[in-house]
A.B. asks: 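Below is one structure. I have some questions about it.
These numbers come from the heavy atoms of this one structure, side chains and all, not from hydrogens, waters or symmetry mates.
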Amino acid sequence: MSSTVNRSTLLWAVGILQPVSAFELSAYLTAILPEGGSAPPGPELQRFLLEASTMRQVVRVSREPDLFSLTLHGNYYLSRAQRLSRDRERLFLLHDSWPGRTTLSLGDQDAGLGGEAPPQYSRTWIKGSGANKPEPCVPRVRSYWPRISRQLSKTTGPLSSSSGTEIDLLSFATERQLELARGDQEHIWDYTAIALSIGVSPRLVLQMAVSPERHYRSFEIAKSGGGARMIDAPRVFLKSVQKFVADYILFNLPVHAVVHSFLPGRSPITNAQQHVDGKWIGTIDIQNFFPSISDVNVENLLANNGFDQKSCRALRRLCTYKHSIPQGAPTSPIIANAFLFGVDAIIFSMAKALDVTFTRYADDLTFSGNEKALVESAMKGAGQILKDQLGLHLNESKSRIAGPGARRVVTGATVSDRVLPSRKLRRNIRAAAFNQSHSMASEQDLRRLEGYLSYFRAFPAFKDNEEGHRITTYLHRARRRLPKDDPIFHDFSQKTDRRMDGEQ
């Protein structure tokens, strides 16, 4: 090779960008090499990558364009410093790419909509799943992350476009490619398979599982009703691994149709909307919800949904901390929803027999109906079912029932003939926006009020009403009072002008 770049450096760059084309690799190397360095041209790198694939150092993931990812054998050609550097850069880039992920319905995927053929595999080695049970389930979706090279296009120059079909395992398009990358025919999600798919060292993923305390930070946050809640939040590296596990491995776990938490297109607002027609609304709350789901519960859940023993053990250790699912982990919500699937089905059937509507948002269970006695019966029955089936207990201080004429609140929203934020909150925000519009505006307060206005706009009944227009006008005036040299003035002013134009 005519450049000053050696084989290990090229494989290191492949590991950071994978799956990557030869021309993307050339653009990246050109951008990062110090002055005097020389990156091989695209055609030369293409020949190198094809040669490396015959040597089992990389796997060709797709064609037109040809995309390549690093194998376990290719990892051995990297020095320790290169592996550490690759792991660090790769995980930070994946962390940044996650917000740009796309979500695809599995129904659309299987149908091959948009003229694209569905991926060859969608179950990723899972044999049988609770998602195939006859109970009504939320339509399943899965997420795909953008390729790393797309993130770097602004700094590395124009890059060749990739195929429109998403990469099913992040770094590999099929299970067979992942098997080739690891050099065996193991059909399991162990630490090696997870690491290769993410594009990092298996030793790093193993260390996260063996010594999780090094990858968490713990802190307390105040509860709205008093007291404090302990949060165990994974640090960036482990969080990136857990996000991959949630989006690419656990996506197939079943979620009952009554659930409105942690799901695309569902929210506390959609949860509250299900109870608009109920004269009586009752709510109960599960005590210590996430901490009550143990690591043993997680392993059994995975086994019951088709994962083999080794996969269950690896995933359990990556998704739990202090013997339960942590409050701050991105895998905890999907595990919690699936853990309650069977109980959700039982409570749904019981409530339906009583002519009571039932929904769940995380640890909040809501029941509504036309007769108080039936709603109370459903609430009591649900508490007993949770205790008998899963050993979960209710927070009795949060159990309540409200009828006609009373203030009825469901997951933070007021329910009457429509769903709105509470009147007190709306009044306070409107008054604060008015005060800001007639005094020296504060950057912090404006940002806070802007956040509340965005929250209010998520309510369909709030979008076009007079109250929303009034708050928007106040904030528009307040932003115009900011000093002209304040950098946020231009951002807020332009954003508000666009909203005002759209509303008029």
Side-chain angles (χ1 to χ4, degrees), residues 138 222-227 229 255-263 266-293 327 333 336-337 339-341 343-426 455 458-459 461:
V138 173
K223 292 183 179 180
S224 57
R229 174 181 286 111
V255 181
H256 200 276
V258 299
V259 178
H260 288 260
S261 51
F262 320 121
L263 295 167
R266 299 198 172 196
S267 67
I269 299 171
T270 63
N271 182 63
Q273 287 172 333
Q274 307 305 308
H275 302 280
V276 167
D277 296 330
K279 291 182 179 180
W280 293 88
I281 298 178
T283 58
I284 57 178
D285 180 90
I286 301 173
Q287 190 172 35
N288 297 323
F289 182 40
F290 279 10
S292 296
I293 303 176
Q327 289 273 1
N337 277 342
F339 177 68
L340 286 182
F341 177 78
V343 163
D344 286 335
I346 296 173
I347 297 176
F348 169 75
S349 297
M350 180 267 297
K352 186 177 180 180
L354 295 172
D355 197 24
V356 170
T357 299
F358 161 58
T359 64
R360 180 173 64 80
Y361 187 91
D363 56 354
D364 291 326
L365 285 69
T366 305
F367 304 85
S368 64
N370 293 326
E371 297 185 29
K372 181 180 180 180
L374 295 180
V375 173
E376 288 179 329
S377 179
M379 295 168 63
K380 182 178 180 181
Q384 193 63 46
I385 292 169
L386 287 166
K387 181 180 179 181
D388 293 344
Q389 297 290 323
L390 300 176
L392 298 176
H393 299 275
L394 299 183
N395 186 340
E396 299 295 345
S397 65
K398 291 189 175 182
S399 297
R400 59 185 181 273
I401 186 168
R407 179 170 173 264
R408 300 182 298 172
V409 179
V410 177
T411 49
T414 300
V415 178
S416 55
D417 59 334
R418 55 183 180 166
V419 177
L420 283 169
S422 73
R423 182 179 300 175
K424 180 180 179 180
L425 178 61
R426 301 197 318 266
Y455 167 64
F459 290 78

A.B. asks: Taking all non-hydrogen atoms of both residues, which atom of L392 and which atom of L340 are closest, and how far apart?
C.D. replies: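 The answer is CD1-CD2, 3.8 Å.
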A.B. asks: To the closest 0.5 Å, what do you measure between OH (Y361) and OG1 (T366)?
C.D. replies: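 Interatomic distance, Y361 OH to T366 OG1, rounded to 0.5 Å: 11.5 Å.
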A.B. asks: Is any side-chain heavy atom of F367 closer than 4.5 Å to one of I347?
C.D. replies: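 When only atoms from C-beta onward are counted, F367 and I347 do touch, with a gap below 4.5 Å.
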A.B. asks: Closest heavy-atom contact between L425 and Y455?
C.D. replies: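 Nearest heavy atoms, L425 then Y455: CD2-CE2, 4.3 Å.
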A.B. asks: F262 vs N337, test: side chain to side chain contact (heavy atoms under 4.5 Å, CB included). Steps then yes/no.
C.D. replies: CA-CA 8 Å; F262 320 121; N337 277 342; 4.0 Å; yes
A.B. asks: Which of parallel (below 30°), tilted (30 to 60°) and perpendicular (above 60°) describes H256 and F341?
C.D. replies: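 Aromatic pair H256/F341 classed tilted.
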A.B. asks: Determine yes or no for a side-chain-to-main-chain donor-acceptor pair under 3.5 angstrom, with S377 supplying the side chain and A373 the backbone.
C.D. replies: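 Checking the backbone N and O of A373 against the side chain of S377, no donor-acceptor pair under 3.5 Å is found.
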A.B. asks: For residues D364 and T411, is any side-chain donor paired with an opposing acceptor at under 3.5 Å?
C.D. replies: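 Per modelled atom types, D364 and T411 side chains form no pair under 3.5 Å.
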A.B. asks: Less than 4.5 Å apart, any side-chain heavy atom of V375 and any of I281?
C.D. replies: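 A side-chain contact under 4.5 Å is absent here.
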A.B. asks: Restricting to non-hydrogen atoms, name the atom on A272 and the atom on A413 that form the minimum distance, rounded to 0.1 Å.
C.D. replies: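 So the minimum-distance heavy-atom pair works out to CB-CB, 4.1 Å.
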A.B. asks: Roughly how far, to the nearest 0.5 Å, is OG of S416 from CZ of R423?
C.D. replies: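 R423 CZ to S416 OG: 8.5 Å, rounded to 0.5 Å.
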A.B. asks: Working to the nearest 0.5 Å, report the span between OG1 of T414 and CG of L420.
C.D. replies: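 Result: 7.5 Å between the selected atoms.
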A.B. asks: Could you tell me the separation between the CZ atom of R407 and the NZ atom of K424, rounded to the nearest 0.5 Å?
C.D. replies: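 Separation between the atoms: 8.5 Å.
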A.B. asks: Are K398 and I284 close enough that some pair of their side-chain heavy atoms sits under 4.5 Å apart?
C.D. replies: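 With C-beta onward as the side chain, the pair stays apart.
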A.B. asks: Quick check for you: to the nearest 0.5 Å, what is the distance between I286 atom CD1 and N288 atom CG?
C.D. replies: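 Those atoms lie 11.0 Å apart.
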A.B. asks: Nearest heavy-atom pair of V409 and T283: which atoms, and what distance?
C.D. replies: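 Closest approach of V409 to T283: O-CG2, 4.3 Å.
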A.B. asks: Could you pull out the closest heavy-atom pair between L365 and A382, with the gap in Å?
C.D. replies: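 Where L365 meets A382 most closely, the heavy atoms are CD2-CB, 4.4 Å.
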A.B. asks: Measure across N395 and S397 and return the closest heavy-atom pair with its distance rounded to 0.1 Å.
C.D. replies: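 For N395 versus S397, the nearest heavy atoms are OD1-OG, 2.6 Å.
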A.B. asks: Test side chain to side chain contact (heavy atoms under 4.5 Å, CB included) on R266 and V138; report intermediate values, then the result.
C.D. replies: CA-CA 10 Å; R266 299 198 172 196; V138 173; 3.9 Å; yes
A.B. asks: Without swapping roles, check the side chain of S368 against the backbone of H275 for a donor-acceptor pair under 3.5 Å.
C.D. replies: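 A pair under 3.5 Å: no.
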A.B. asks: Taking atom types as modelled, find out whether T270 and H260 have a side-chain donor-acceptor pair closer than 3.5 angstrom.
C.D. replies: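 Distance-only check passes for T270 and H260.
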A.B. asks: Calculate, to the nearest 0.5 Å, the distance between atoms CE and NZ belonging to M350 and K380 respectively.
C.D. replies: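 One gets 12.0 Å once the value is rounded to the nearest 0.5 Å.
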A.B. asks: If you count heavy atoms of other groups shown closer than 6.0 angstrom to CG of D388, is the number above 12?
C.D. replies: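 Buried by this count: over 12 neighbours within 6.0 Å.
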A.B. asks: Are a donor atom and an acceptor atom from the side chains of R360 and N271 found within less than 3.5 Å of each other?
C.D. replies: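 Looking only at side-chain atoms, N271 and R360 do not form any donor-acceptor pair under 3.5 Å.
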